[in-house]
Amino acid sequence: MNAPHLPTNTAALGRYRMMRRIRSFEERVGELFLKGESAGSMLHLSIGEEAVVGMTDAMQAGDTFTTHHRGHGVFLGRGADPKRMMAEIAGKEDGYCRGKGGSMHIADRALGHLGANAIVGGGIPHIVGAGITYRNGGTGQISVAFFGDGAMSQGILYESMNMAALWHLPVIFCCINNQYGMGTRVDRSAGHRDFPARAAAFGLNTARADGADVEAVHDAARTLVQAARDGKPGYLEIDAYRFYGHARMDKSPYRTADEEATGRARDPLSAARTRLSAHGLATDDDLTLIDAEAVTEMDAALSHAIAATPPALSTMFQDVYAPGTPAPRPQAERLTAILSEGARA
Amino acid sequence: MSLTQSTYREAIRQALLDAMHADPSVILIGEEVGLYGGAYGVTKGLIDIFGANRVIDAPISEPAIVGAAVGAAMTGLRPVAELMYVDFIGMTMDQLANQAAKSRYMFGGQIGVPMVLRTQGGTGRSAAAQHSQSLEAWVMHTPGLRLIMPATVNDAYHLLRQSLTQPDPVVFIEHKGLYTLKGDLDPDTPDGAWGQPVTRRKGSDLVILSYSRMLHESLAAADRLAASGIEAEVIDLRCLNPLDEAPLIEAVKRTGRAMVVTEAVVTGSVASEIAARLTESCFDWLEEPILRVGGEDIPIPVSPALERGSIPSATLIHDTAQWLVTRKAPEWAA
């Protein structure tokens, strides 16, 4: 790992603020789940992975991305409205996907989120297609796939890396290595754990950054992003630690308290706070205010999600296909037609 | 434009050519679609006209070919992904069924996937068990996908052009045994609207429902039935999703007898689905059960004799239809 990075501008303060918002969001969304207000039975928290903001901050408006199970932080980092996110996770009508997607399928076309994915690695090849669109169109956009170390065992990742390198696509594969694919630690799933070497073997630009150091992540990300815009795809690995279990109810019986304590000591949020304070970029009062604002904002998001209206039952038939094209026929309608006296003439 | 003679293969190539001229967002991506010209020669020369950015030779990576098409469609292109054989669709099922088919719905209508997956299936070239299947039921079973299976030269052209204007993913399954079929192509006049069946032969005694290559066997059987005084109506389904049931129901009620003929194995098949739907809607009008005539429930063998014997023939269709109408058991049923 590199030596601790010294933040040099006030953008670092913005990144701290975003990391704090992500942490608070995840804490509140965890509450949503415990209150029984989460629509989904599955909730994957990204606490411990907030340094991904170093990557999301290196992207520009118009860039697109896909995420997988643990993507709340990435989406917030790209500008998501926590109220609409929380409402989606609660399965409500004003959620990003009108209550159809939930935590694992959240998306927002306007912010470039091409979709969260509940299939490990399932969203990775979509950036290849997006990369073709941007390369052919000369739009200057890039597309980034965010995934965990679990996806490093999926074949489609390597098919996608090969295509990205072969076709000089403006894309980045961003692995947030939190050391666990569900309950299996990475040293029990990977025969060769130098993941950047795998990416380099396909001809990608690669970098690895300390997931406890958001500024180090940002530096690595900026370099990769610039190269990607020039048609040289990249791979960034953020070495992090997943503070909690795979999903909200997972008590992590597969790891020790000692390991968790060591992992949680590498907290990107407290590390950033300490450094901002130590280098005089913010006073303790400033930082405390930022923390309080985040809590207030996410409290409001939580209340909003709980109070929001669930979607009408009839909306279940919407959006299977595009508006104006033949849609699925409700079963009741079909049965009525068959059973009605009229049909029997 | 005037009527021209074309092959099924050439009609599909012409459709791609015309679509790419008309819409700069149309791209092709697949194994051997460029320099090689397609495993069955369908995309021959297109790379010379449109360049390697629009006719993209992909590595042998079926899941990522379909996945890249999904991403390209999400971001504004209109990709035509080619899967060399429908048998490989299982490798791509995550991208097809979990991604392409579900994005619009999961994301609350925000992100559609207007792509076409072109592939080919069926028997007739002794390609054996892993290169000869008819897997349309796998596609039809998945909400979110559209499914087209053209049987004629004119349909090969028009249904593909029309598929390239649809807002949702379309799986377009050609038949390897039809590429050399010759017929009339009228680039200005489709046989019918996309998504709707077309009556290929009128008749009052029974209705035979079919699609893809089995349409031709069914028509041959209908000719032979006519020689013995039985008039079979033959309907080409063309599009299995959306399936316009109204004209099918009308024909079944009118004739009281129906059979569905497919090349795919019968168990869990498209034929089973259609027979069930028509039974639900037409029970009181039926003189006989709706019969399914399809492929034997076996992997396709390489021996041409076994391969031919495993799928319906005009004779089998004829004899079954005759039994439906006359209750005269065929020789093989004795």
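We name chains A, B, ... by the order of the sequence lines, and we start the count at 1 in each one. What's counted below: heavy atoms across the whole structure, side chains too, no hydrogens, waters or symmetry copies.
- Distance check: I156(A) CD1 to D94(B) CG gives 6.5 Å after rounding to the nearest 0.5 Å.
- Other residues, nucleotides and ligands contribute only 12 or fewer heavy atoms inside 6.0 Å of the CD1 atom of I60(B).
- Atom CE of M182(A) has 12 or fewer heavy atoms from other residues, nucleotides or ligands within 6.0 Å.
- Neither the backbone nor the side chain of Y158(A) has a heavy atom closer than 4.5 Å to any heavy atom of chain B.
- Residue A64(B) comes nearest to E159(A) through the heavy atom pair N-OE1, 2.9 Å, listed as atom of the first residue, atom of the second, then distance.
- Scanning all heavy atoms of the two residues, the minimum distance from L166(A) to P59(B) falls at CD2-CG, 4.0 Å.
- No part of D244(B) comes within reach of chain A, as not one of its non-hydrogen atoms sits under 4.5 angstrom from that chain.
- The CG atom of L114(A) sits 8.5 Å away from the CZ atom of F107(B) when rounded to the nearest 0.5 Å.
- Both the backbone and the side chain of I132(A) come within contact range of chain B, with heavy atoms under 4.5 Å apart.
- Shown here for Q110(B) and R109(A), the closest heavy-atom pair between the two residues is OE1-N, 3.0 Å.
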Item to complete: Could you check R334(A) against E280(B) for side-chain contact (heavy atoms from CB on, under 4.5 Å), going step by step and ending with a plain yes or no?
Response: CA-CA 9 Å; R334(A) 184 172 63 83; E280(B) 287 177 343; 2.5 Å; yes
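- Summarising the geometry, atom CD belonging to Q99(B) is positioned 4.0 Å from atom NE2 belonging to H126(A); distances are rounded to the nearest 0.5 Å.
- Within 6.0 Å of atom CD in E288(B), more than 12 heavy atoms from other residues, nucleotides or ligands are found, so the atom counts as buried in its surroundings.
- Proximity to chain B is absent for every atom of M161(A), based on heavy atoms less than 4.5 angstrom apart.
- In terms of non-hydrogen atom pairs under 4.5 Å with chain A, the most contact-rich of G71(B), P79(B), A69(B) is G71(B).
- Summarising the local packing, NE2 of H21(B) is surrounded by more than 12 heavy atoms from other residues, nucleotides or ligands at distances under 6.0 Å.
- Within the 4.5 angstrom heavy-atom criterion, atoms from both the backbone and the side chain of D108(A) approach chain B.
- Counting heavy-atom pairs under 4.5 Å between each of A58(B), S103(B), G76(B) and chain A puts A58(B) at the top.
- Between the OH atom in Y105(B) and the CZ atom in R98(A) there is a gap of 10.0 Å [rounded to 0.5 Å].
- Residue E333(A) places its CD atom among more than 12 non-hydrogen atoms of other residues, nucleotides or ligands, all under 6.0 Å distant.
- At a 4.5 Å heavy-atom cutoff, the contact between P326(A) and chain B is made by backbone and side-chain atoms alike.
- Atom CZ of F317(A) is surrounded by more than 12 heavy atoms from other residues, nucleotides or ligands within 6.0 Å.
- Separating the CZ atom in R104(B) from the NZ atom in K100(A) is a distance of 11.0 Å, to the nearest 0.5 Å.
- Counting heavy-atom pairs under 4.5 Å between each of A107(A), G112(A), A118(A), G101(A) and chain B puts A107(A) at the top.
- Taking each heavy atom of R135(A) and I56(B) in turn, the nearest pair found is NH2-CD1, 4.2 Å.
- Remark: R277(B) CZ to R329(A) CZ distance equals 9.0 Å, nearest 0.5 Å.
- The heavy-atom pair separating N136(A) from N53(B) by the smallest distance is ND2-O, 2.8 Å.
- Heavy atoms only, all atoms of each residue included: D168(B) and A322(A) are closest at OD2-N, 2.7 Å.
- Cation-pi geometry between R146(B) and Y321(A) is met: under 6.0 angstrom from the ring centre, within 45 degrees of the axis.
- Residue Q141(A) does not touch chain B at all, counting heavy-atom pairs closer than 4.5 Å.
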